[in-house]
Amino acid sequence: MKTDTKVLKLVRRPPTAERSTKSAAAETESVVAQPVKEAPPPAVSNTALKPGLRTGPKPALPQSNLQARPSRKQLLEMYRTMYLSRRLDDKEIQLKGQNKIFFQISGAGHEAVLVAAGTVLKPGYDWFYPYYRDRALCLQLGMTPYEQLLAAVGSAEDPNSHGRQMPSHWGNKKLNIVSQSSPTGTQLLQAVGCAEAGYRIQLIPELKNRIKNFHDDEVVYVSLGDGTSSEGEFWEALNTACNLKLPVLFLVEDNGYAISVPVEVQTAGGDISKIVENFPNLYLQRCDGTDPIQSLETMQRAAKYCRERKGPAFVHAKVIRPYSHSLSDDEKLYRPDEERAGDADRDPVKRFGAFLIDEGLIDQAGLQEIKDEIDREISEATDRALASSQPSPDTVTQYVFSPDVDPTSKDFDTEAEADAQLSGNAGTMVDLINRCLQTELARDPTIVIFGEDVADVSREQFLGTVKGKGGVFKVTANLQRKFGSARVFNSPLAEAGIVGRAIGMATRGLKPVVEIQFFDYIWPAMHQIRNELALLRWRSGNEWKAPVVIRVPVGGYLKGGAVYHSQSGVSTFTQIPGLRVIYPSNALDANGLLRTSIRCDDPVLFLEHKHLYRQAYNKSQYPPDDFMIPFGKAKVVREGKDLSIITYGALVQRSLVAARQAEQEGISVEIIDLRSLVPYDWNAIAATVKKTNRVIVAHEDSLSFGYGAEIAARIADELFEHLDAPVRRVCALDTFVAYAPQLEDAILPQVADVVKAIAALHSY
């Protein structure tokens with residue numbers, strides 16, 4: 001029987017059922033490939049399974065629309081990958097039981113739809129943001145069993161993370177599989193950003209031949225479990241993908257459970273695809289994800305829609321989870337036997353093998369030969385993986401920051417020449433930040449700027465008739481007008497979306513400089529900052545990076561800023577490895593440090609104190625367009641000999657005023673402006689302590705657990721013999737900033753507080 005030109009339907013039969021008398025040819029005729037037509041408007045097939053028991057007859061297949069009919073060879077290859085994926089899961093489970101690996105989480109039951117996705121999409125051409133169930137996808141794309149087992153044993157040779165992440169956290173540079181992490185849903189926004197990078201590359205003429213590995217019809221694949229659809233970042237990602245018509249293929253692998261929580265508890269109505277049906281530009285499809293033929297048809301339609309740039313596609317695939325969530329979970333504690341048996345009846349590997357035999361594509365002996373070959377391959381790969389080298393302990397701090405670009409080096413230091421080259425009228429911090437952004441946008445076409453309200457006007461037709469917004473503090477004024485809406489644009493009010501999209505863009509070679517409108521509202525983006533942005537380079541062993549700059553207005557002293565416009569919790573961010581934290585106190589420093597932030601190769605949190613934006617005392621003329629200040633270089637803003645104040649931000653000026661008052665009492669105070677908090681200038685701190693032997697650490701953050709505690713502790717630890725008095729701190733009270741001015745004055749450190757600390761320490 002010739003089968004290479006047929007499209008075959010996988011039919012689930014009860015074990016005792018006799019084969020239908022309908023011939024294979026007639027059975028196939030109803031689903032034979034039709035000529036490819038333009039993708040229809042967003043629509044859904046009629047194959048959704050209800051939550052609960054996975055029993056009863058399988059839904060009927062939709063009319064076939066395969067772009068290419070799967071040959072016997074292709075069908076057998078699909079089976080081979082599905083079986084290989086399952087047996088790798090089994091091998092890892094065995095190795096965990098033998099204490100030879102340390103964690104296991106399987107992709108069992110998801111194999112069919114994943115192999116279909118890997119068949120339709122192109123490794124090294126399309127882009128992939130899989131989640132931890134996607135073992136079969138990665139195998140189909142070209143990852144080897146040996147490479148997956150290297151991850152399981154935590155090998156230094158593991159291409160996914162070089163032993164730094166759990167197994168099944170996929171990443172492969174040559175295949176365009178971007179390093180994935182454990183938090184559920186964070187990959188969605190990054191996938192949208194990855195697709196958006198392609199969208200913007202098409203809009204920016206200077207980038208057409210500059211960005212590598214870009215294709216006009218590329219697709220960005222991102223997958224998730226049904227539980228992840230409860231995350232807010234899922235909705236942010238879907239919103240932007242639909243709004244910009246981005247070629248993102250969302251695959252929901254719905255196995256009915258998020259660990260022990262069933263889908264009807266996770267999702268209103270128990271069906272996520274019904275909830276998203278009305279998203280504009282979204283091509284929605286449902287399929288039985290345990291059926292490889294139906295899955296292949298569905299994924300082909302979805303990929304075609306994306307490649308034609310009609311918008312994103314959303315595939316809701318009903319799959320099973322025959323094993324527990326992970327080896328740390330026991331599903332027997334919450335799933336009844338009859339439900340688990342229902343899943344077993346729909347096992348895609350067993351059903352597909354039986355189908356191949358029923359259709360005469362292979363006999364039992366041939367199928368067993370494939371299984372035996374795979375088992376030998378896995379056994380050999382396991383032996384090699386177990387013998388592979390383990391990471392050396394002395395590598396643990398490698399790739400926290402870029403090994404290639406050092407922003408603390410002399411390459412970033414043009415400060416000495418700047419004074420002689422300043423020109424023009426003195427500008428505020430706002431003016432000099434804006435100038436820096438202008439010159440950098442003109443220098444580097446990969447830079448894009450976005451955030452809430454940063455554009456002059458989103459409705460471009462009004463650019464000629466309105467003055468324009470340009471940020472709530474006017475820091476980005478006229479940038480859109482000068483450089484266009486492809487490079488300077490507004491985002492939805494979604495902080496996680498801003499940072500997550502920026503990460504995706506940065507992996508493609510763009511340089512996002514994004515704004516979080518107020519520090520007080522940065523917290524929705526914390527997942528993206530702490531678990532993604534700062535860790536991407538380290539967790540991938542330097543395979544991937546995201547040198548994003550996040551500009552954030554920060555701080556109080558506003559007279560009316562109150563609780564939610566005056567926060568200064570910098571210590572939350574300075575303790576995150578992999579994140580540079582910069583905090584200028586004046587206009588000139590802001591210009592030079594921002595330029596270094598943009599040109600360095602690490603993620604940077606650039607803090608701009610709102611109270612300092614337009615102060616006359618910190619104005620400066622404009623420096624040259626290449627003016628840079630290196631990170632980790634403090635500045636002595638006042639020489640003194642009796643005691644030192646180590647400070648930053650708004651406390652620099654308050655300390656200067658206090659020092660002048662103290663000078664009238666005969667006390668000489670030296671003031672060090674750190675400027676850079678990560679890294680900080682320990683040499684400058686040590687030098688001033690050795691010079692004056694008395695030190696105050698002053699900052700706007702709260703006293704307890706604040707940034708100054710680290711500085712004070714290190715001084716006490718390493719410079720104790722140079723101290724003539726205890727290290728003192730001048731900080732905010734351990735409370736929140738209030739609205740009433742007299743309360744704000746009592747909460748935040750004032751000049752009088754610094755003066756009092758100077759007098760007390762001098763007389764100790």
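Taking every heavy atom of both residues into account, Gly109 and Thr290 meet most closely at O-CG2, 4.2 Å.
Summarising the geometry, atom CH2 belonging to Trp538 is positioned 8.0 Å from atom OG belonging to Ser161; distances are rounded to the nearest 0.5 Å. Remark: Asn239 CG to Trp235 CH2 distance equals 10.5 Å, nearest 0.5 Å. Rounding to the nearest 0.5 angstrom, the gap separating the CG atom in Asn172 from the CG atom in Leu141 is 9.0 Å. Separating the OG atom in Ser324 from the CD1 atom in Ile105 is a distance of 10.5 Å, to the nearest 0.5 Å. Put simply, CZ on Arg539 and CE on Met166 are 13.5 Å apart, with the number rounded to the nearest 0.5 Å. Atom-to-atom distance recorded for Ser223:OG and Leu249:CG is 10.0 Å, nearest 0.5 angstrom.
A 4.5 Å side-chain heavy-atom check between Pro312 and Pro247 finds every atom pair outside the cut-off. Between Pro130 and Gln180 there is a side-chain heavy-atom pair separated by less than 4.5 Å. You'll find the side chain of Met299 reaches within 4.5 Å of the side chain of Val315, heavy atoms only. Within the 4.5 Å cutoff, the side chain of Leu224 has heavy atoms near those of the Leu188 side chain. Ile550 places a side-chain heavy atom less than 4.5 Å from the side chain of Leu533. Between Leu114 and Met82 the shortest side-chain heavy-atom distance does not fall below 4.5 Å. Looking at heavy atoms from C-beta onward, Leu296 lies out of side-chain contact with Val115 at the 4.5 angstrom threshold. Counting only heavy atoms from C-beta outward, the side chains of Ile522 and Ile529 approach each other to under 4.5 Å.
Within 6.0 Å of OH in Tyr334 there are more than 12 heavy atoms belonging to other residues, nucleotides or ligands.
Counting only N and O atoms by type, the side chains of Gln165 and Ser181 include no donor and acceptor under 3.5 Å apart. Side-chain contact annotation: Asn176 with Glu218, donor-acceptor N/O pair under 3.5 Å absent. In this model, no donor atom of one side chain and acceptor atom of the other lie less than 3.5 Å apart for Tyr283 and Glu308. Of the N and O atoms on the side chains of Gln266 and Asp226, not one donor lies less than 3.5 Å from an acceptor on the other residue. Between the side chains of Thr184 and Glu231, at least one donor N or O lies within less than 3.5 Å of an accepting N or O. A donor and an acceptor atom, one from each side chain of Tyr129 and Asp134, are nowhere located under 3.5 Å apart. Using modelled atom types and a 3.5 Å distance limit, the side chains of Thr298 and Gln285 yield no donor-acceptor pair.
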Apply the test side-chain contact (heavy atoms from CB on, under 4.5 Å) to residues Asp329 and Ile259: give CA-CA distance (whole Å), side-chain angles for both, the deciding distance (0.1 Å), then the verdict.
CA-CA 8 Å; Asp329 172 52; Ile259 306 185; 4.1 Å; yes

Using the salt bridge (Lys or Arg N to Asp or Glu O under 4.0 Å) rule, take Asp347 and Arg86 through it: C-alpha gap first, then chi angles, then the decisive distance, then the call.
CA-CA 11 Å; Asp347 188 301; Arg86 181 67 61 88; 2.8 Å; yes

Please determine whether salt bridge (Lys or Arg N to Asp or Glu O under 4.0 Å) holds for the pair Glu452 and Lys469, giving the CA-CA distance in whole Å, both sets of side-chain angles, and the decisive distance to 0.1 Å.
CA-CA 11 Å; Glu452 298 160 21; Lys469 183 72 175 175; over 6 Å; no

Salt bridge (Lys or Arg N to Asp or Glu O under 4.0 Å) between Asp126 and Arg307, intermediate numbers included:
CA-CA 10 Å; Asp126 295 321; Arg307 293 201 194 283; 2.7 Å; yes

Pair Phe573-Trp523, ring pair (Phe, Tyr, Trp, His ring centres under 6.0 Å): steps then yes or no:
CA-CA 11 Å; Phe573 296 90; Trp523 311 112; 5.6 Å; yes

Worked check of side-chain contact (heavy atoms from CB on, under 4.5 Å) between Gln148 and Trp170:
CA-CA 9 Å; Gln148 295 197 351; Trp170 313 111; 3.7 Å; yes

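In summary, the aromatic rings of Tyr521 and His565 are positioned with their centroids under 6.0 Å apart.
Under the 30°/60° scheme for interplanar angles, the aromatic rings of Phe314 and His316 are found to stand perpendicular. Note on ring orientation: taking the six-membered ring where Trp is involved, the planes of His215 and Tyr125 are parallel (angle under 30°, cut-offs 30° and 60°). A tilted orientation is assigned to the rings of Tyr221 and Phe128, their planes being inclined by 30° to 60°. Aromatic ring orientation, Tyr83 versus Tyr79: parallel (interplanar angle below 30°, classes split at 30° and 60°).
Each of Arg321, Arg335, Lys318 was scored for a salt bridge (Lys or Arg N to Asp or Glu O under 4.0 Å) with Asp343, with one residue passing: Arg335. With respect to Lys122, the side-chain contact (heavy atoms from CB on, under 4.5 Å) criterion is satisfied by exactly one of Asp217, Val219, Leu175: Asp217. The salt bridge (Lys or Arg N to Asp or Glu O under 4.0 Å) with Arg135 is formed by just one residue from the set Glu111, Glu92, Glu253; it is Glu92.
Both tests pass for Arg200 against the ring of Phe489: distance under 6.0 Å to the centre and angle within 45° of the axis.
Put simply, the side chain of His110 never gets that close to the backbone of Gly107: no donor and acceptor are under 3.5 Å apart. Without hydrogens or angle criteria, Arg501 side chain to Ala496 main chain gives no donor-acceptor distance under 3.5 Å. Side chain of Gln294 to backbone of Asp288: a donor-acceptor contact under 3.5 angstrom is found. Gln528 places a side-chain N or O within 3.5 Å of a backbone atom of Thr186 that can act as its donor or acceptor partner. The main-chain N or O of Lys310 is found under 3.5 Å from a side-chain atom of Tyr305 such that the two form a donor-acceptor pair.
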